[in-house]
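Here is the structure we will look at.
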Amino acid sequence: MDPNPAEKIVLSKDKIQVLKKYTQEHKSKAAIQIINSFIPFIGIWILMYLSLDMSYWITLGLGAINAFFLVRIFIIQHDCGHQSFVKNRKAQKIIGHACSYLSAIPFYYWAKSHSIHHKLNGQLELRDIGDVTTYTVAEYKAFSKAKKVGYRIYRSPIVMFLIGPVYYIFIHNRLAKIKMPAFQKLKGSVILSNLVLLGLFTILGFTLGWQKFLTVHVTVLTLFSIIAIWFFYVQHQHEHGYKQWKKNWDYVTSALKGSTYYKVPGLFNWLTGNIGIHHVHHLNPAIPNYNLKQCIKENPWLNKYPTTIGFIDSLSLMSNKLWDETQQRMISFREYYSLERKGLI
């Protein structure tokens with residue numbers, strides 16, 4: 001017998017309608033964001049390169065800062081994929097591709113997989129596209145010992161927040177592994193992206209010196225990958241999230257309850273393109289990142305539904321491993337085995 005589905009969030013038509021106001025394009029805001037993202041990134045990258053003659057620790061410190069600027073650049077790419085950053089299709093493609101050659105994440109292919117994440121976020125039938133694979137308590141119980149060990153390794157902090165992000169940036173995004181028909185025609189775009197990156201890397205490697213170039217750029221990409229995956233994890237792996245089978249799933253509830261409002265200090269919110277306001281982004285992905293703060297300021301009702309969490313509190317989310325359908329929340333492995341010993345699973 002299926003557990004009772006979570007209570008659905010129902011919004012009036014006027015509340016849905018009012019959000020359209022914030023989908024409006026602001027060319028000046030978009031232009032300013034491009035300038036204050038790309039110029040600092042390039043400037044700090046050059047400083048990282050020059051600092052190698054003094055100390056790699058200086059390079060690493062600068063890399064940590066520059067990784068956040070790369071996150072900001074990636075949010076521009078992300079918005080172009082949603083066709084929200086600017087409305088001109090040609091400009092979207094040019095800006096999106098320019099960002100992708102810095103983030104090393106293919107523009108078209110990633111945008112397609114991300115759109116599926118938005119359409120089906122929290123649907124238990126599809127958890128392997130654009131999401132962190134999360135099994136239910138019932139599924140985990142039915143696993144063999146070997147599969148349980150494999151899942152525990154996958155969900156361990158060192159894999160989830162270090163090995164996984166590095167694999168995602170340097171290997172996963174070089175491959176076109178999704179077998180759904182809609183992705184078959186996009187395989188060429190992944191190959192083309194790889195060829196362009198190879199060409200750029202070759203030119204810069206020979207011009208700047210392979211060792212120095214790779215040291216600087218691999219440092220930035222590695223730190224960027226860790227920050228990006230951490231934010232994505234916090235946005236959808238919170239305790240009182242939303243995961244349902246298709247028959248019980250609801251888009252609005254998935255957006256507002258299945259996504260957090262990650263309240264980080266203002267500077268980090270700016271560096272990460274307001275992506276912490278994730279519940280609003282999922283409710284209406286046509287809202288560009290530069291309008292999200294205005295949206296929640298003028299519509300405070302949006303913040304009564306999601307889990308609001310700060311950075312210190314977000315660290316505890318690392319222990320969330322399994323979705324408990326009975327309790328409608330994420331639980332840790334420790335909780336799982338405690339319930340199992342008590343005969344409650």
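Every value quoted in this text rests on a predicted model; they were computed, and no experiment measured them.
- For K8 (side chain) and D250 (main-chain N/O), no donor-acceptor pair under 3.5 Å exists by modelled atom type.
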Kindly list each side-chain donor-acceptor pair under 3.5 angstrom involving residues 308-321, sequence neighbours excluded, with atom names and distances?
from : atom 1 : to   : atom 2 : distance (Å)
S314 : OG     : Y262 : OH     : 2.9
S314 : OG     : F311 : O      : 2.5
S316 : OG     : D313 : O      : 2.7
S319 : OG     : S316 : O      : 2.9
N320 : ND2    : Q237 : O      : 2.8
K321 : NZ     : R155 : O      : 2.7
K321 : NZ     : M318 : O      : 2.9

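- Other residues, nucleotides and ligands place more than 12 heavy atoms under 6.0 Å from the CD atom of E125.
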Going by atom type alone, with no hydrogens or angles, which donor-acceptor pairs under 3.5 Å involve a side-chain atom of residues 156-180 and a protein atom two or more places apart or on another chain?
from : atom 1 : to   : atom 2 : distance (Å)
S156 : OG     : I153 : O      : 2.6
Y168 : OH     : W110 : NE1    : 3.0
N173 : ND2    : Y168 : O      : 2.7
R174 : NE     : N194 : OD1    : 2.7
R174 : NH1    : A104 : O      : 3.2
R174 : NH1    : I169 : O      : 2.9
R174 : NH2    : A104 : O      : 2.8

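- Checked against the 6.0 Å centroid threshold, Y305 and Y261 do not count as a close aromatic pair.
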Check: residues 63-75 side-chain donor-acceptor pairs under 3.5 Å, at least two apart:
from : atom 1 : to   : atom 2 : distance (Å)
N66  : ND2    : F41  : O      : 3.1
R72  : NE     : N36  : OD1    : 3.3
R72  : NE     : S37  : OG     : 2.9
R72  : NH1    : W270 : O      : 2.7
R72  : NH2    : N36  : OD1    : 2.8

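- The backbone N or O of E325 lies less than 3.5 Å from a partner atom in the side chain of Q328, making a donor-acceptor pair.
- Under 3.5 Å, the side chains of K187 and Q184 contain a donor-acceptor pair of N or O atoms.
- To the nearest 0.5 Å, the span separating CG on L52 from OG1 on T219 amounts to 8.0 Å.
- A donor-acceptor pair is defined here as one N or O able to donate and one able to accept, closer than 3.5 Å; such a pair exists between the side chain of N88 and the backbone of A91.
- Annotation: K87, atom NZ; neighbour count of heavy atoms from other residues, nucleotides and ligands within 6.0 Å is above 12.
- In this structure, the side chain of Y101 does not engage the main chain of L200 through any donor-acceptor pair within 3.5 Å.
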Derivation and outcome, side-chain hydrogen bond (donor to acceptor under 3.5 Å, both in side chains), residues W323 and E139: CA-CA 10 Å; W323 178 252; E139 289 170 331; over 6 Å; no

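- With hydrogens and angles ignored, the 3.5 Å screen pairs a side-chain donor or acceptor of N274 with a backbone N or O of N289.
- The backbone N or O of E239 lies less than 3.5 Å from no partner atom in the side chain of R329, so there is not a single donor-acceptor pair.
- With hydrogens and angles disregarded, a donor-acceptor distance shorter than 3.5 Å links the side chain of H238 to the backbone of K257.
- S338 places no side-chain N or O within donor-acceptor distance of the main-chain N or O of R334, the cut-off being under 3.5 Å.
- In this structure, the ring of F85 has its center no less than 6.0 angstrom from the ring center of H78.
- Remark: the backbone N or O of L322 is not paired with any side-chain donor or acceptor of E335 at under 3.5 angstrom.
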Chi angles and distances behind the side chain to side chain contact (heavy atoms under 4.5 Å, CB included) call for R89, Q83: CA-CA 8 Å; R89 291 297 180 91; Q83 300 178 9; 2.9 Å; yes

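- Each of Y154, Y336, Y135 was scored for a ring pair (Phe, Tyr, Trp, His ring centres under 6.0 Å) with Y140, with one residue passing: Y336.
- Between the side chains of S51 and T59, at least one donor-acceptor pair of N or O atoms lies under 3.5 Å.
- Interatomic distance, NE2 of H117 versus NE2 of H282, reported as 3.5 Å (0.5 Å rounding).
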